[in-house]
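Please read the structure below before turning to the comments.
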Amino acid sequence: MLIAGNWKLNCNIKEAEDLSSSILNNLNHNSYKSEIAIFPPTIYIETVSNIIKNSNISLGAQDCSINISGAYTGDVSAPMLNDFGCKYSIVGHSERRNGKYESNKDVYLKAKNVMEYNMIPIICVGENAKDRDEGNALNIIKNQLDKSIPKINKEFIIAYEPIWAIGSGKIPTLDSINEMFNMIRQWLLNSGMNNNIKILYGGSVNKGNAKELFSCKHLGGLLIGGVSLNPNEFSEICIMAS
Ligand code: PEP
């Protein structure tokens, strides 16, 4: 399993150092079987990388540019993230799809860049509350998968994050997560993709609901936002994972 902590736009440099050191310290004093990855704000990737460099904790970015180089002020490209030791980059998080108007095509291009620079994209998909209420969740996700995932022979991860579950304290029923994961697994099979591709769940994960989430059949791990800023709770979930 992969337990991924997305810090979003949080922490100053001292807090980023303290958070990564605390997670490292907690995990060093316990045994755990999962892979742990943390996703600090881009500007602190080097700081965090220096702290976790001799550990098993992996590093990732929260986003990457659709461009590789050129006149794109403010962007950070896949080769730049690779230079700083990122193994992963999240692409298509709903806060970027909605907040920054990123299309499925943008997400596809970002994922392709990440793959081409030998990192692993965590490609996020998720339906909003209206889609869920109207019974359209499966179709919405299938459309996002069709349009956001490059059909090239490189590793990637899918993160299913219902938008209405992110930061809200609500999570879907296990039945609806299992239904969604079955559809995604079938989509991967129909698309001729590797059956080992991990499917993560994300949205209001905490130590209280993690145990039942771990019982989902196709769960390949968790993408955790808010709770990843709490080193003790985040570490407890990492240790709980198989
Ligand atoms: C996220 O933003 O990816 C996320 C899952 O957030 P939270 O855990 O805070 O709901």
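Hydrogens, waters and symmetry mates play no part in the numbers below; they use all other heavy atoms, side chains included. First listed ligand is number 1; within each ligand, the first listed atom is number 1. Residue numbers run from 1 in the order of the sequence given. Just so it is clear, the structure is predicted and the values come from calculations on it, not from any experiment.
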closest protein heavy atom to atom 5 (C) of ligand 1 is Glu161 OE2, 3.0 Å
Near Gly203 (heavy-atom distance under 4.0 Å), the atoms of ligand 1 are 5 (C), 10 (O)
task: For residues Trp164 and Arg132, determine if any side-chain heavy atom of one lies less than 4.5 Å from a side-chain heavy atom of the other.
output: yes
*Residues Glu46 and Lys53 bridged, charged N to O under 4.0 Å*: no
Atom 1 (C) of ligand 1 has as its nearest protein heavy atom His93 NE2, 3.2 Å
The single option from Arg97, Lys110, Glu102 that satisfies side chain to side chain donor-acceptor pair (under 3.5 Å) with Ser148 is Arg97
- Any heavy atom of Val227 sitting closer than 4.0 Å to ligand 1? no
- Message: Please check whether Gly226 reaches ligand 1 - meaning an N/O of the residue sits under 3.5 Å from an N/O of the ligand, judged on distance alone.
- Response: yes
Nearest non-hydrogen protein atom to atom 8 (O) of ligand 1, with distance, is Gly225 N, 2.8 Å
Donor-acceptor check, side chain of Asn143 to backbone of Asn139, threshold 3.5 angstrom: yes or no? no
Please answer whether the main-chain N or O of Ile68 pairs with a side-chain N or O of Asn113 as donor and acceptor at a distance below 3.5 Å. no
Practice problem: Give me the ring orientation class for Tyr88 and Phe39: parallel if the planes are under 30° apart, tilted from 30 to 60°, perpendicular past 60°. | Solution: tilted
**Message:** For the 3.5 Å polar cut-off, considering only N or O atoms, please tell me whether Gly167 and ligand 1 meet it.
**Reply:** yes
the protein heavy atom lying closest to atom 2 (O) of ligand 1 turns out to be Lys8 NZ, 2.5 Å
